[in-house]
Each structure stands twice: as structure tokens, then as C-alpha cells.
Amino acid sequence: GENVEQHPSTLSVQEGDSAVIKCTYSDSASNYFPWYKQELGKRPQLIIDIRSNVGEKKDQRIAVTLNKTAKHFSLHITETQPEDSAVYFCAASMGNTGGFKTIFGAGTRLFVKA
Amino acid sequence: GAGVSQSPRYKVAKRGQDVALRCDPISGHVSLFWYQQALGQGPEFLTYFQNEAQLDKSGLPSDRFFAERPEGSVSTLKIQRTQQEDSAVYLCASSFASGGSGTDTQYFGPGTRLTVL
């Protein structure tokens, strides 16, 4: 079945710096890759997603890139702010062929130091 | 508008008790997912519904876990004879359409934190 690996598990950056989180997936049938932000005690919230027919997507300070050949995708946060501190999860969905399963990575705890 | 809601928000059960966790998806959302999130881990897929049909239950860890969505809206996750390893946050998510490829955005509920003593 699908496996999603995410790294680093912890990332500490200075306010204003960029943060990059990387994920790899195993099943080439995966076709949808969302990223969620989860603050302590809160629900995961979608921050950006990318579909398999697109290589890059950007939304203000957040961007995601997808390399289907290498089966990896990355989250880029620029000009980080203290409120970006949270746990970030990547995920991969296999859609119809995979029974609609969405497999999450283990998460990256991002600390943005003021 | 109202988001996904779950109840109860917290549940403490003695080992061996049965529990029922409820999920109210966003009105009109076809797809509904249940996940289990252990402390410090990512959500783990349990099961998926498209309307009232349970299309994938491959993530349910044992036959003690049972989920239903009889009218295609509210869903209940039931855990029988709870064990300590069942302690986790149970998250429900819904999305608008099946899309044939399961690629729609999932909106999560706040979760139910289950503690089994």
C-alpha cells in the first residue's frame, strides 16, 4: 500500500527565513497531495494542495512543488512568521483505484523564532 | 456556515466498555472519512463513506471497530470492548463530492479525544 515519508520531523527557523518540508510517496497511482497545518489541540486545516497534473502551485507565502517521476513533493514557506509555528502534515490520496484512502506523513513540527 | 462537528469532544472509558463517536459532516458533503490520530503522529485512515455506502474500511484496526452512515449524513464510529491502545484522537472529515478520484478537499472536525483507562 501507499507509504508517505516526511522530513524533517522538527524544523526551527528564524522569523523571516524560509522553511522547506519534504515528502516522498511510494504509490505512483497517488494523484492528489494536500498539506495540512495543525495547531496544538486543533483540527488539521488545509493550507494548500496540488494535483498530479500540476508541477507547482503558489498561494502568497506558501508554495508546493511536485515531482511525479521522483515521487516527492515539498512545501515551501517564505518570510516565516511566529504564527506559522505548528505541525505540518503532507498527505497522498490514491483516489478511486486506491479506495479513496488518504495517507498522511508523520508531521513536521515547525518553530518560528521571533 | 457550519463546519464538521464531532461529539463528544472528550470521552473517558474503562477498558472493556463500548463507545460511540458521532460525526456531523458539512451539509451536502458526499464523502466522509474517519481517522485515528495518536499523540505526535499523523492521522491514520480508518474508513471512507460515499453517501451511505462504506467503500473502504481497510484501515479499521480490528473487528472491534465499526462505522456506519445509514442516511448518508451523520456517521457513528463504534468501538467495542475498548483497550488502552485505542486511546487517541478520532478525527472525522468530509468533502463535497466523490469526484470519481477522491481528490476533493477534506474538511476536518475538531476530533474526539478518547482515553481508555
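Below, read A as the first sequence line, B as the second, and so on, with proteins coming before strands; counting in each chain starts at 1. In this text the structure is predicted, and so the values were computed from the model without any measurement.
- A/Lys101 and B/Ser58 share a side-chain donor-acceptor pair at under 3.5 Å.
- Heavy atoms closer than 4.5 Å to chain B are found in the side chain of A/Gln38, but not in its backbone.
- Proximity to chain A (any heavy atom under 4.5 Å) is shown, for B/Tyr107, by neither the backbone nor the side chain.
- Side chains of A/Thr108 and A/Gln6: a donor-acceptor N/O pair is present below 3.5 angstrom, by distance only.
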* Determine, stepwise, if the pair B/Phe33 / B/Phe49 fulfils ring-ring contact (aromatic ring centres under 6.0 Å, His included). => CA-CA 6 Å; B/Phe33 301 79; B/Phe49 290 86; 9.6 Å; no
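- Contacts of A/Pro34 with chain B are absent, with no heavy-atom separation under 4.5 Å from either backbone or side chain.
- Summarising the geometry, atom CG belonging to A/Asp27 is positioned 10.5 Å from atom OG belonging to A/Ser93; distances are rounded to the nearest 0.5 Å.
- With a 4.5 angstrom heavy-atom cutoff, A/Phe33 does not touch chain B via any of its atoms.
- Rounded to the nearest 0.5 Å, atoms CD (B/Gln83) and CD (B/Gln17) are 13.5 Å apart.
- In this structure, the portion of B/Gln37 lying under 4.5 Å from any heavy atom of chain A is its side chain and not its backbone.
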